[in-house]
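In what follows, every chain begins at residue 1, and chains take the letters A, B, ... in the order their sequences are listed.
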Amino acid sequence: MRLSKSFIPTLKELPSDAVIPSHILMLRTGMVRMLSAGIYSFLPLGYKVIKKIADIIREEMDAIGGQEFHLPALNPKEIWEETNRVEAFGDTMFHVKNRDYVLAPTHEEIMAFHAKGVLKSYKDLPQIWYQIQTKFRNEPRPRSGVIRGRQFLMKDSYSFDSTWENLDKSYELHDQAYRKIFDRCGLKYFVVGASSGAMGGSKSEEFMVRSEAGEDTVAFCESCGYAANVEVAASVIASITRHGNSKSVYEIHTPDVKSIDELCEFLKIDQRETAKSRIYIHNEKPVLVLMSGNDDVNETKLAKVLPGNLRPGHPDELKTITGADAGSIGPLEFKHRIIADLRLQDGNNLYSGANKNDYHVGGIDLQRDLPNVEYFDLRTVESGEGCPQCNSKLEVFKAIELGHIFKLGTKYSDALGVNFLDEKGEAHPVIMGSYGIGVERVAACYLEQNHDEYGIIWQKPLNPFDIHLIALNLKNVEMEKAGDDLYENLQSEGFEVLYDDRKDATAGFKFNDADLLGMPVQIILGEKNYKNGKIELKNRRTGEKQIVEFNKIIETIKKIL
RNA sequence: CGGGGCGUAGCGUAGUCCGGUUAGCGCGCCUGCUUUGGGAGCAGGAGGUCGCAGGUUCAAAUCCUGCCGCCCCGACCA
């Protein structure tokens with residue numbers, strides 16, 4: 001590709017809307033342009049990368065027996081109503097105004113629709129069907145460039161099996177395929193167990209990449225590889241100390257003391273001597289959730305303990321329920337259910353709110369004063385706590401979800417009546433799995449992990465070109481000829497070459513563009529070296545430059561690639 | 001949806017508080033000449049519904065009202 005004729009609009013200045021490196025780099029290198037919030041056009045360079053990622057995915061999906069479909073994005077709403085997912089998706093689903101269609105946010109229903117009546121016998125199973133297509137979700141807040149968009153490219157596949165054991169096999173095939181895909185893309189990733197959320201189904205795992213731009217928070221153990229979404233992560237921590245002597249309960253005047261930090265400062269105590277109260281409304285009834293110090297209530301864990309309708313109490317409800325505002329609420333005299341985090345179990349000499357504004361109480365003994373409290377693991381783990389598997393230190397950080405594999409079960413086949421006949425002629429719902437990869441996220445994560453202050457550092461196999469050929473002094477006809485010849489030769493050797501043949505750009509301009517665009521090998525064709533039969537090559541990743549004989553070009557390139 | 005910020009030429013921005021020249025600057029773009037190993041120099045030039053609509057005023061980028069859009073934090077998130 002000749003740069004003089006190609007549409008690769010690079011930006012010298014930082015785009016003001018972009019914050020994270022991948023977004024900035026995609027804009028600066030002319031890979032994408034935004035059309036509207038969360039809606040991006042892929043320009044030729046960006047699309048080239050997307051196609052390379054999609055090809056890798058295709059190869060690995062085909063290798064496990066996957067068959068590629070091309071499905072409609074426009075779906076009759078009726079099908080989605082059969083599985084009750086119009087309601088489940090709510091405002092996240094795009095609705096077409098002038099016909100009863102929706103824009104598909106995923107494709108379980110449509111794949112199941114096609115399976116119905118066609119996968120009739122156990123002999124037809126298993127099947128793995130996949131597609132690489134655009135999905136639509138009306139995200140309330142798109143962000144981080146292509147990482148969270150309202151329209152995005154997703155590889156989703158669906159497995160259809162006759163037994164749960166076979167589903168395990170399909171799931172395992174995907175697990176292995178996903179590892180190969182992300183390995184081939186050169187990503188540093190890890191796998192976490194996750195809750196299945198609104199998709200329904202049992203087991204699920206997420207493929208994650210560590211990034212400040214991530215929307216998930218995970219706990220990770222370097223030494224044993226334990227990884228879990230912080231929503232479900234456990235940790236080993238010391239319980240609070242039970243003192244030999246239990247003081248009796250006494251009231252303390254604490255004007256303007258609201259937070260645990262303020263309370264600790266006011267009383268010169270450690271946060272572990274305090275118990276924080278949060279009021280939740282569970283199936284219309286108040287529940288007090290007691291935590292040690294500033295420990296965070298983990299609402300996912302809480303929801304498991306309190307199934308059904310659950311929400312935090314509104315500030316204006318708190319006074320009616322407890323007699324005090326947030327900041328002065330406590331467990332003593334609380335007239336409804338109280339549950340507490342395990343860390344607090346059997347604690348004594350604790351400080352908490354007095355259910356009277358501007359007052360706290362000390363000397364609480366949970367055994368003595370609140371014998372009916374129920375204890376559960378309710379806290380959110382934090383960095384530095386012990387790994388539940390090996391007791392090494394856990395690290396908690398943000399991560400981007402690249403892929404997610406689910407054992408769906410029969411939720412969709414039940415709802416849509418996708419049945420097969422077993423050996424005995426009995427009908428059963430087909431057992432499904434569902435497996436997604438965010439294709440643009442793969443590109444974004446690659447950039448997050450492979451850049452420096454000058455720009456992108458591409459390496460095989462995602463690099464849009466192998467070689468960035470920079471020809472200088474092009475107004476010299478001899479040099480122009482040399483550049484053109486080299487360009488042709490490199491291509492005939494099978495390399496993908498981006499040829500900077502611009503006559504009006506200065507050398508420095510070209511060098512900086514090359515570093516920004518980041519092809520693995522830069523070849524600099526300059527007059528002086530050329531006259532000595534030599535040429536300069538630069539390794540973008542290491543920055544190493546070498547001047548070689550013209551006839552050594554190919555072997556040198558192959559070493560770098 | 002809550003909180004905060006922003007919207008002025010393709011990009012980045014000044015001016016807005018306190019209304020008053022022809023809306024300024026850098027980059028980019030066009031023409032010419034000179035340059036050509038780390039984002040060139042000189043000269044000339046094009047390019048603006050100041051987000052949109054309404055209002056106040058002799059006068060609005062600037063003040064008021066409504067709306068739209070974008071970014072960040074939060075809520076939400078198969």
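The same atom, P, is picked in B/G20 and in B/C77; the two are 49 Å apart, to the nearest Å. One C1' atom belongs to B/G32, the other to B/A59, and the distance between them is 43 Å to the nearest Å. Rounded to the nearest Å, the gap between the C1' atom of B/U62 and that of B/A46 is 28 Å.
Checked against side-chain contact (heavy atoms from CB on, under 4.5 Å), A/I523 has the following partners two or more places apart in sequence or in another chain: A/I467, A/L469, A/L486, A/L490, A/V521, A/I535, A/L537, A/I553, A/I557. Remark: A/R179 pairs with A/D175 by the side-chain hydrogen bond (donor to acceptor under 3.5 Å, both in side chains) rule, at least two apart or across chains. Legend: residues meeting side-chain hydrogen bond (donor to acceptor under 3.5 Å, both in side chains) with A/K531, ordered by chain and number and at least two apart, are A/E527. Listed by chain and number, the residues in a salt bridge (charged side-chain N to carboxylate O under 4.0 Å, His left out) with A/D485 are A/K481 (sequence neighbours excluded). By the side-chain hydrogen bond (donor to acceptor under 3.5 Å, both in side chains) test, A/E13 pairs with no residue at all, sequence neighbours left out. Take A/D513 and apply the salt bridge (charged side-chain N to carboxylate O under 4.0 Å, His left out) test, not counting sequence neighbours, and it matches A/R502. Applying the salt bridge (charged side-chain N to carboxylate O under 4.0 Å, His left out) test to A/E60 and every residue at least two apart in sequence or in another chain returns A/R184. Take A/R143 and apply the salt bridge (charged side-chain N to carboxylate O under 4.0 Å, His left out) test, not counting sequence neighbours, and it matches A/E215. In this structure, the side-chain hydrogen bond (donor to acceptor under 3.5 Å, both in side chains) partners of A/D501, at least two apart in sequence or on a different chain, are A/R2, A/S4.
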Reading 5' to 3' and counting Watson-Crick or G-U wobble pairs with both distances under 3.5 Å, write the dot-bracket notation for RNA chain B, | for bases paired outside the strand. (((((((..((((......[...)))).((((((.....)))))).....(((((..]....))))))))))))....
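Side chains of A/H114 and A/M111 form no contact here, defined as non-hydrogen atoms less than 4.5 Å apart.
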What string of B, S and - do you get for nucleotides 5-11 of chain B, 5' to 3', when a contact is any protein heavy atom under 4.0 Å? ------B
Treating primed atoms plus P, OP1 and OP2 as sugar-phosphate and everything else as base, which nucleotides of nucleotides 31-38 of chain B get B, S or - for protein heavy atoms under 4.0 Å? ----BBBB
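Among the heavy atoms of the strands lying under 4.0 Å from A/S144 are primed sugar atoms or P, OP1, OP2 only; no base atom is included.
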